[in-house]
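Since the structure comes first, as structure tokens, the remarks are kept for the end.
Throughout, numbering of the chain's residues begins at 1 and tracks the sequence. All ligand and atom numbering here is 1-based and tracks the order in the structure.
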Amino acid sequence: MTTSIAVGLGERSYEVRIGPGLLGQAGRHVAPFLRRPRAAVVTDETVARLHGQTLRAGLEADGISVDEIVLPPGEDQKGFAGLERLCDGLLALGLERRDVVIAFGGGVIGDLTGLAAGLLKRGMDFIQIPTTLLAQVDSSVGGKTAINASAGKNLIGLFHQPRLVLADIGVLDTLPARERRAGWAEVIKYGLIDDPAFVDWCGTRGAAAMAGDPGALQRAVEVSVAAKARIVAADEREEGVRALLNLGHTFGHAFEVSAGYGGGVLLHGEAVGCGMALAYRFSAAQGLCPPDEAARAVNAIAASGLETDPRRLPGGPWDIAALMAAIGQDKKNAGGALTFILTRGIGQAFIARDVDPGAVRAFLASELS
Ligand SMILES: NC(=O)c1ccc[n+]([C@@H]2O[C@H](COP(=O)([O-])OP(=O)(O)OC[C@H]3O[C@@H](n4cnc5c(N)ncnc54)[C@H](O)[C@@H]3O)[C@@H](O)[C@H]2O)c1
Ligand SMILES: [Zn+2]
């Protein structure tokens, strides 16, 4: 059954529709947003091969003609060169400003396509059809679009909300287990932020979801999207509570930068899973969170198979100076002080704006010894 969750942002409000079989019915969902029966679909080679025909048939069934731009898979596309190629490709299709661009893929395709749509002709509409668990529960909702800079991830971007998100649970069948597990880090994140009961649910149903159980996956996507929608509606441009969604991401981004994002050595969700474990242990080390509560949180993350020990995280061994340099570059920092999302327990994340870099360095040294 399809469920719908609203992202309430005034005139930029939109729905996230979640269910099995949405690709095949995509035309019906997409048509109301089109000025003429035509859509440009941006995807990657893997998604095109596995699901491209189903989406095309679903759009054509409603008389929508489809132009497809197929990019190589991988984070490497999320740079200036990839953005330029995509913009040129979309312009070559002769699109008009009122046409709609569809981002059909994981977070890389969504972030890159959303940014291109936001820039082209000073802003075209776009629709997200996310195909990874991570993209369904996180990146397709909320309107953050970006490419990476050599100085760090996602440093060049726009807030540009989609008009609609279609999360077809069925496409997750083909997702490699490692990608599914990485996406689970963002699922459990919502529980760790402010919903302890959802952490318990993840403990009970996480194994089924990881094995591909559609009911468990749908529930996980619904709860995650509802949580993200609520936070985004309260703080679209990350001036306050939205920063909570960065739980685990300050440490996580540092690992990603050090591992060299691209090439698939370390996946975003893997970095975030370990980063959340570090946020809990650092909070405990600072006397903010009871150590047994931190241990329970780390166990909940590890239960899904995510690595919580940075010494064993793919991409190491880690250089503390390089990690600290990446942490210093983090977008969440204001005026030189280190900002982290820390926690007082499961479901009790908060924004800490005054974290001592020396304490972080010492903590990393003990974690990596
Ligand atoms: N905008 C945001 O708010 C936000 C939030 C979180 C993450 N992100 C970004 O998202 C990106 C990571 O996204 P991702 O994890 O989806 O990675 P991804 O887009 O690289 O997809 C992962 C891999 O899975 C393949 N794939 C996609 N769908 C598939 C399917 N159904 N079956 C089989 N294979 C499939 C892709 O081809 C790719 O090789 C990062 O760049 C990160 O910065 C953005
Ligand atoms: Zn993330």
Practice item. Write out all pairs satisfying salt bridge (charged side-chain N to carboxylate O under 4.0 Å, His left out) with one or both partners inside residues 159-177, taking only residues at least two apart or from two chains. Key: Asp125-Arg163

**Study point:** Check ion pair Asp194-Arg230 (N to O, under 4.0 angstrom)
**Key:** yes

Review point. With a 4.0 Å heavy-atom cut-off (strictly under), which part of Leu175 contacts ligand 1: side chain, backbone, both or neither?
Key: both

Review point. Are Arg237 and Glu239 close enough, and set up right, to give a salt bridge (charged side-chain N to carboxylate O under 4.0 Å, His left out), and what steps lead you there?
Key: CA-CA 6 Å; Arg237 296 180 74 88; Glu239 280 145 355; 5.1 Å; no

**Study point:** Side chain, backbone, both or neither: Leu172 near ligand 1, heavy atoms under 4.0 Å
**Key:** neither

Revision key, fill the gap. Atom 10 (O) of ligand 1: closest protein heavy atom, distance to 0.1 Å, is Gly107 CA, 3.3 Å

Check your understanding: Taking non-hydrogen atoms only, is Gln77 closer than 4.0 angstrom to ligand 1 via side chain, backbone, both or neither?
Key -> neither

Check your understanding: Is a side-chain donor or acceptor of Asn246 paired with a backbone partner of His249 at a separation under 3.5 angstrom?
Key -> no

Review point. Same cluster or not: are Leu342 and Met324 linked, directly or through other Ile, Leu, Val, Met, Phe, Trp or Tyr residues, by side-chain heavy atoms under 4.5 angstrom apart?
Key: yes

Exercise for review: Tell me which part of Thr131 gets within contact of ligand 1: side chain, backbone, both or neither, using heavy atoms under 4.0 Å.
Suggested key: both

Check your understanding: Which residue and non-hydrogen atom of the protein lie closest to atom 42 (C) of ligand 1, and at what distance in Å?
Key -> Lys153 NZ, 3.7 Å

Practice item. Would you kindly specify which portion of Thr174 sits under 4.0 Å from ligand 1, judged on non-hydrogen atoms: side chain, backbone, both or neither? Key: both

Review point. Has His253 got any heavy atom lying under 4.0 angstrom from an atom of ligand 1?
Key: no

Practice item. Tell me, with the steps shown, if Asp67 and Val41 meet side chain to side chain contact (heavy atoms under 4.5 Å, CB included). Key: CA-CA 6 Å; Asp67 288 304; Val41 174; over 6 Å; no

Exercise for review: Find all atoms of ligand 1 within a distance of less than 4.0 Å from any non-hydrogen atom belonging to Leu50, and give their numbers and elements.
Suggested key: 32 (N), 33 (C)

Point to revise | For Lys78, atoms of ligand 1 separated by under 4.0 Å from a heavy atom | key: 9 (C), 40 (C), 41 (O), 42 (C), 43 (O)

Check your understanding: Looking only at heavy atoms, is any part of Glu179 under 4.0 Å from ligand 1, and if so is it the side chain, the backbone, or both, or is it neither?
Key -> side chain

**Study point:** Heavy atom of His51, distance to ligand 1 below 4.0 Å
**Key:** yes

Review point. Would you say Arg242 has any N or O atom under 3.5 Å from an N or O of ligand 1, going by distance alone?
Key: no

Practice item. Report the part of Val47 (side chain from C-beta onward, or backbone N, CA, C, O) that has a heavy atom under 4.0 Å from ligand 1; answer both or neither where that applies. Key: side chain

Review point. Got the closest protein heavy atom to atom 21 (O) of ligand 1, with its distance?
Key: Thr132 CG2, 3.6 Å

Check your understanding: Any donor-acceptor pair under 3.5 Å linking the side chain of Arg242 with the backbone of Gly142?
Key -> yes

Practice item. Keeping the roles fixed (side chain from Ser304, backbone from Ala300), state whether a donor-acceptor pair exists under 3.5 Å. Key: no

Exercise for review: Please check if the side chain of Arg180 supplies one atom and the backbone of Leu172 the other of a donor-acceptor pair under 3.5 Å.
Suggested key: yes

Check your understanding: When you look for heavy atoms under 4.0 Å from ligand 1, do you find them on the side chain of Pro73, its backbone, both, or neither?
Key -> side chain

Check your understanding: Hey, is ligand 1 close enough to Leu134 that some N/O pair sits below 3.5 Å?
Key -> no

Check your understanding: Would you say Ser224 and Glu186 make side-chain contact, with heavy atoms under 4.5 Å?
Key -> no

Check your understanding: Taking the Zn ion (ligand 2) as the centre, how many protein N/O/S atoms fall inside a distance shorter than 2.8 Å?
Key -> 3

Check your understanding: Taking atom types as modelled, is there a side-chain donor on Glu236 or Gln161 under 3.5 Å from an acceptor on the other?
Key -> yes

Review point. In terms of hydrophobic clustering (I, L, V, M, F, W, Y; side-chain heavy atoms under 4.5 Å; direct or indirect links), are Phe159 and Leu120 co-clustered?
Key: no

Review point. Which residue holds the protein heavy atom closest to atom 4 (C) of ligand 1, what is that atom called, and what is the gap in Å?
Key: Ser139 CB, 3.2 Å

Exercise for review: Would you check the N or O atoms of Glu186, main chain and side chain alike, for any that come under 3.5 Å of an N or O of ligand 1?
Suggested key: no

Review point. Are Thr174 and His51 linked by a side-chain donor-acceptor pair shorter than 3.5 Å?
Key: yes

Practice item. Just need the protein heavy atom nearest to atom 20 (O) of ligand 1, so name the residue and atom and give the distance. Key: Val108 CG2, 3.3 Å

**Study point:** Per-atom contacts of ligand 1 with Asn154, taking only distances under 4.0 Å to non-hydrogen atoms
**Key:** 43 (O)

Point to revise | Glu222 and Thr3: side chain donor to acceptor below 3.5 Å | key: yes

Check your understanding: Is it the case that one hydrophobic cluster holds both Val108 and Leu158, taking links as side-chain heavy atoms less than 4.5 Å apart, direct or via other members?
Key -> no

Review point. Just which atoms of ligand 1 are under 4.0 Å from any heavy atom in Asp138?
Key: 5 (C), 6 (C)

Point to revise | Matching residue for Cys274 among Leu306, Asp309, Leu313, Val298 - test: side-chain contact (heavy atoms from CB on, under 4.5 Å) | key: Leu313

Practice item. Flag the pair Arg98 and Glu96 as a salt bridge only when some basic side-chain nitrogen lies within less than 4.0 angstrom of an acidic carboxylate oxygen. Key: no

Exercise for review: Report, in ascending order of atom number, the atoms of ligand 1 lying under 4.0 Å from any heavy atom of Glu75.
Suggested key: 40 (C), 41 (O)

Exercise for review: Would you kindly check if the NZ (Lys) or CZ (Arg) of Arg281 is within the cone defined by 45 degrees around the ring axis of Phe363 and under 6.0 Å from the six-membered ring centre?
Suggested key: no

Point to revise | ligand 1-proximal atoms of Thr145, by part, heavy-atom distance under 4.0 Å | key: neither

**Study point:** Residue Glu84 excluded, over 12 heavy atoms near CD under 6.0 Å
**Key:** no

Exercise for review: With side chain to side chain contact (heavy atoms under 4.5 Å, CB included) as the test, would you mind laying out the steps for Leu9 and Tyr14 before giving the verdict?
Suggested key: CA-CA 8 Å; Leu9 289 168; Tyr14 53 96; 4.2 Å; yes

Review point. Any idea which atoms of ligand 1 are less than 4.0 Å away from a heavy-atom of Asp111?
Key: 1 (N), 2 (C), 8 (N), 9 (C), 44 (C)

Check your understanding: Mind checking whether Pro176 has an N or O less than 3.5 Å away from an N or O of ligand 1?
Key -> no

Point to revise | Taking atom 37 (O) of ligand 1 as the reference point, the nearest protein heavy atom with its distance | key: Asp44 OD2, 2.7 Å

Review point. Which atoms of ligand 1 sit under 4.0 Å from any heavy atom of Gly106?
Key: 16 (O), 19 (O)

Practice item. Give the atoms of ligand 1, by number and element, whose distance to some non-hydrogen atom of His268 is under 4.0 Å. Key: 6 (C), 7 (C)

